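Let me begin by presenting the structure, written as structure tokens, before commenting on it.
All values below were derived from every heavy atom in this structure, side-chain atoms included, with hydrogens, water molecules and symmetry-related copies excluded. These numbers come from a predicted model, not from an experiment.
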Amino acid sequence: MKRETDSRPLIQMVRCNVEKNGAVLLPSLSWQMCDEESWLITGSNGGGKSIFASALAGSMEIVPINNGLYSNQFSDSIALVSFETAAALIEEEKARDNSDFVEGGIDPGRTGRTYIANVLDDASLCSYPQGIGLERHPAVISCGIDAILDRGLKYLSTGEIRRTLLCRALASNASLLILDEPFEGLDSASRKILQELLAQMSQPAASHKTQLLLLMDRPDTVTLATNQVLELTSRHISFSGTLQEYRNILVRRKKVAVDELPHRLAEMQNELDEVRSRGELNLADSIRTDKTVLVEMKNVTVEWSGKKVLDKLSWKLIKGEHWLIRGPNGSGKTTFLELITGDNPQVFRNEVYLFGSRRGSGETIWELKEKMGIVSYRLHVEYRSLGDLDLESVILSGIHDSIGLYEYCGEEERTLAKKWLHLAGFGTRETERFGTLSYGEQRSILIARAAVKCPPILILDEPCHGLDGENRSKILALLEAIAEGGTSTLLHVTHDPTEVLSCEKHILELRPLETPMYRILVKDQPLTEPDVIPSPR
């Protein structure tokens, strides 16, 4: 739908509460968006950005108070793309899974083609009946998902899901497109494509149909055609003005943060030393391992529908050798990790050894996972369905390797959980519910959950998703300190070169368009930028 331009603000809030089920989530907001303004919504984790976006998209109620007012010219034509919408999509696919009733026991579910075709208007459906020929759709081409249109949504990587959601939003021709952290989880090539696309959409033009509203925790990471900034802190507006004014504020804040950094790092190191010694002292014998080779893969091949994701991969994880795993979206990074965690059934047709034993030789998945701490998008989705769980219980569940808490926990375990909560920045908040936290705050809690039992292997699949600049720096410093402690060996997946840890001297680089499909590098060698490799088409 093309909106009509007039002199009124496109969106206007004057003394408005954002409410859900009668509870006030954001109080007394006043803000407006006018034509030719391009807004960036930013702020710290838990500040209220995602609540603000969800309210504009219609998921929450915007209630004028004290003779206030609310108007939104886009109210009937808004598309929201966020971590929350991606997680909701995966939960939806799980609920619709009919594998138990399908011949062969595999239900692919909805494909990207079907999912996108469902939002096409009548004119587009004439060009792409039932999604036929969608490979030629401008949104599909821009988002680079033509090669995965016929894959089940549940089998897409994090980055592929994000690109599919973005493509669907673009194909819907919504008048307002709200993008919450649009660059997170995308490889370098995808980020560049998206950045160019957003820059084009931000150019004023008479035929321009879509207005952009961008939400980013770290506005300094990507240059965008924005000219206005709204910052939310502790669920209140802390800044509203021009981009240049906000940049000046960021410069002053950065100087203060740099001055405080040495003291904060020293304090964190002391806390970590205490919780690690306490955790190691009470470490269950079943978690300990005397093996030097923690994981070994010999000529591993994984394929889906005749397409090889990994091919003849041979690789070894030695205790104390921390690895960076990298490669473009869809190159097999998550598949590789799932062979280790036991979440990929093709592990049994391959030669994969964990802690000295070949997979499928009688060990249970729980005996293996007991020796691992895991942070992943899929785990995050699992915990989102347990939103009523309090934060202390989330940390404690990491000790017992459960999704949720079903075991009795003694005072020593609870003390350890509280100390990890404090270390993660959630001291005295142990009774808060996981579901009330922002996406970034939830991520911080799940990192603490993974580390609490001092596991021999700490698996980190894009651990910093959704974290603001301050929390990202804190978590990276925490992971670096955990690695230096010597108890846990890190396997770390990230697309962001600023998140690579100094302890990660070894690199497994997945390269889907080459033979062999991977490279093993060491950090003191000159490194190429792997993410510029285009995904296979």
Side-chain angles (χ1 to χ4, degrees), residues 1-18 26 28-44 47-60 62 64 68-82 166 169-170 172-183 194-233 235-251 468:
M1 175 183 295
K2 181 176 176 63
R3 62 178 172 80
E4 297 181 1
T5 302
D6 57 30
S7 58
R8 295 177 301 159
L10 304 177
I11 304 174
Q12 187 174 27
M13 298 180 187
V14 179
R15 295 184 299 279
C16 290
N17 287 344
V18 172
L26 298 177
S28 193
L29 299 180
S30 292
W31 171 76
Q32 67 179 26
M33 177 181 185
C34 298
D35 212 1
E36 298 186 3
E37 288 183 344
S38 180
W39 281 84
L40 174 67
I41 314 299
T42 189
S44 58
K49 300 183 302 299
S50 294
I51 294 173
F52 183 81
S54 295
L56 288 178
S59 298
M60 299 178 189
I62 299 178
L69 64 91
Y70 172 60
S71 63
N72 186 343
Q73 293 189 35
F74 306 108
S75 57
D76 60 346
S77 184
I78 300 175
L80 169 64
V81 180
S82 66
L166 175 62
L170 292 171
S172 72
N173 286 324
S175 296
L176 177 63
L177 181 57
I178 304 175
L179 303 181
D180 191 346
E181 297 295 345
F183 296 93
L194 177 56
Q195 190 167 344
E196 292 173 351
L197 177 63
L198 297 183
Q200 292 172 9
M201 295 176 66
S202 298
Q203 296 298 318
S207 61
H208 185 52
K209 291 184 177 181
T210 302
Q211 190 87 14
L212 289 173
L213 191 61
L214 300 171
L215 283 72
M216 295 181 67
D217 289 315
R218 297 186 297 160
D220 58 324
T221 56
V222 181
T223 302
L224 294 167
T226 55
N227 52 35
Q228 303 289 321
V229 178
L230 177 71
E231 181 188 70
L232 291 165
T233 304
R235 304 197 175 188
H236 290 80
I237 293 176
S238 51
F239 175 84
S240 181
T242 68
L243 178 61
Q244 187 55 54
E245 290 171 335
Y246 189 66
R247 281 176 173 162
N248 295 337
I249 290 174
L250 289 182
V251 169
D468 60 36

Quick one: pull up [atom1] in [X] and [atom2] in [Y] and give me the separation to the nearest 0.5 Å.
X: R235; Y: S28; atom1: CZ; atom2: OG; answer: 15.5 Å
X: M216; Y: T226; atom1: CE; atom2: OG1; answer: 9.0 Å
X: I41; Y: L56; atom1: CD1; atom2: CG; answer: 8.0 Å
X: S77; Y: Q211; atom1: OG; atom2: CD; answer: 12.0 Å
X: M13; Y: M33; atom1: CE; atom2: CE; answer: 11.0 Å
X: T242; Y: N227; atom1: OG1; atom2: CG; answer: 8.5 Å

Practice task
Could you tell me whether the side chain of S44 and the main chain of T233 form a donor-acceptor pair under 3.5 Å?
Solution key: no

Practice task
Specify whether W31 and W39 have parallel, tilted or perpendicular ring planes, treating 30° as the upper limit for parallel and 60° as the lower limit for perpendicular.
Solution key: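 The arrangement is perpendicular - the two ring planes meet at more than 60°.
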
Shortest non-hydrogen contact from [X] to [Y]?
X: R8; Y: Q73; value: O-NE2, 3.7 Å
X: G43; Y: D217; value: O-OD1, 3.4 Å
X: C16; Y: I62; value: CB-CG2, 3.8 Å
X: A57; Y: I178; value: N-CD1, 4.4 Å
X: E37; Y: C34; value: OE1-N, 2.9 Å
X: Y70; Y: P64; value: N-CG, 3.9 Å

Do [X] and [Y] have side chains that approach each other closer than 4.5 Å (heavy atoms only, starting at C-beta)?
X: Y246; Y: L40; value: no
X: L215; Y: F52; value: no
X: I11; Y: L176; value: yes
X: L26; Y: N17; value: no

Exercise for the section: Can you sort out the partners of A79 under side chain to side chain contact (heavy atoms under 4.5 Å, CB included), two or more places apart, ordered by chain and number? Expected result: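 Scan of A79 (side chain to side chain contact (heavy atoms under 4.5 Å, CB included), adjacent residues dropped) gives A169, S172, A174, L177.
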
